[in-house]
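Atoms considered below: every heavy atom in the structure, side chains included; atoms not considered: hydrogens, waters and symmetry mates. Small disclaimer: the values here were computed from a predicted structure and weren't measured. Numbers here are sequence positions counted from 1.
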Amino acid sequence: MARPVNYYIISAEALPDVFRRVAEARRLLETHEARTVGQAVLMAGVSRSAFYKYQNAVRPFYDMKAERIITFQAILKDVSGVLSRVLAVFAASGANILTINQSIPTNGCAAVTISAEISGMSESVEKLLSEISGLENVIKFEILAG
């Protein structure tokens, strides 16, 4: 009888560097930035043996679902054009927006949830989070579910 597999969500900063590098090598292969495992491990700075040892065990948490749908939550100031700039970052990243829900602004801010299919993205989710969080009048931007 096979033992059940346990999963944990751990901050990337707490992981040994080898796991982050294996995840980066996988990403390079999946996005076709590297055509071979040899290229990917060289670019990620990890040994081929470490890659093969951990390739199926290390994944970003948003990669655990086949659909790769993530729901984001934002708190935006009630200023003209803010949501438009947020959506422009999604469009530039290659994410496919599935739903957008916005509350009526209260106290000068509106809550917005955006669900997006991310398999076609040309950049990482971390970069998307960073770019949108850095936009003017974006109070908070985070992953709600995924």
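Here K53 pairs with nothing under the side-chain contact (heavy atoms from CB on, under 4.5 Å) rule; sequence neighbours left out. N56 meets the side chain to side chain donor-acceptor pair (under 3.5 Å) test with no other residue; sequence neighbours excluded.
Counting only residues at least two apart or on different chains, the side chain to side chain donor-acceptor pair (under 3.5 Å) pairs with a member in residues 98-111 are T99-S115.
In this structure, A25 and A40 approach most closely via the heavy-atom pair O-CB, 3.6 Å. Taking all atoms of both residues into account, the shortest heavy-atom contact from A34 to M43 is CB-SD, 3.9 Å. Closest heavy-atom contact between R48 and V41: CA-CG1, 4.2 Å. Minimum heavy-atom separation, R21 to V46: CB-CB, 3.8 Å. When all heavy atoms of V22 and A50 are compared, the closest pair comes out as CG2-O, 3.8 Å.
T71 and Q73 share no donor-acceptor pair across their side chains, judged by distance under 3.5 Å alone.
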Side chain to side chain contact (heavy atoms under 4.5 Å, CB included) between I75 and V138: does it pass, once the steps are laid out? CA-CA 6 Å; I75 305 296; V138 173; over 6 Å; no
Derivation and outcome, salt bridge (Lys or Arg N to Asp or Glu O under 4.0 Å), residues E33 and R27: CA-CA 8 Å; E33 293 175 60; R27 185 194 68 76; 2.6 Å; yes
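Looking at I114 and F90, their side chains come closer than 4.5 Å, going by heavy atoms from C-beta outward. Annotation: side chain of L135 is not in contact with side chain of V82 (no heavy-atom distance under 4.5 Å). For the pair C109 and I139, the minimum side-chain heavy-atom distance is below 4.5 Å. Taking the side chain as every heavy atom from C-beta outward, L76 and F141 never approach each other to under 4.5 Å. Side-chain contact between F51 and V58: absent, with no pair of heavy atoms (C-beta onward) separated by less than 4.5 Å. Within the 4.5 Å cutoff, the side chain of R85 has heavy atoms near those of the N137 side chain. Side chains of F72 and L129 form a contact here, defined as non-hydrogen atoms less than 4.5 Å apart.
Distance check: I70 CD1 to L98 CG gives 11.0 Å after rounding to the nearest 0.5 Å. Distance check: S93 OG to K127 NZ gives 9.5 Å after rounding to the nearest 0.5 Å. Rounding to the nearest 0.5 Å gives a distance of 11.0 Å between CD of E123 and CD1 of I118. The CD atom of E24 sits 8.5 Å away from the OG atom of S124 when rounded to the nearest 0.5 Å. Separating the OG atom in S47 from the OH atom in Y52 is a distance of 11.0 Å, to the nearest 0.5 Å. Here the CG atom belonging to L28 is positioned 5.5 Å from the OG1 atom belonging to T31, to the nearest 0.5 angstrom.
Both V37 and Y54 belong to a single network of hydrophobic side chains, linked directly or stepwise wherever heavy atoms of I, L, V, M, F, W or Y lie under 4.5 Å apart.
Side-chain atoms of S130 do not come within 3.5 Å of backbone N or O of E126 as any donor-acceptor pair. At distances below 3.5 Å, not a single donor-acceptor pair connects side-chain atoms of E131 with backbone N or O atoms of L128.
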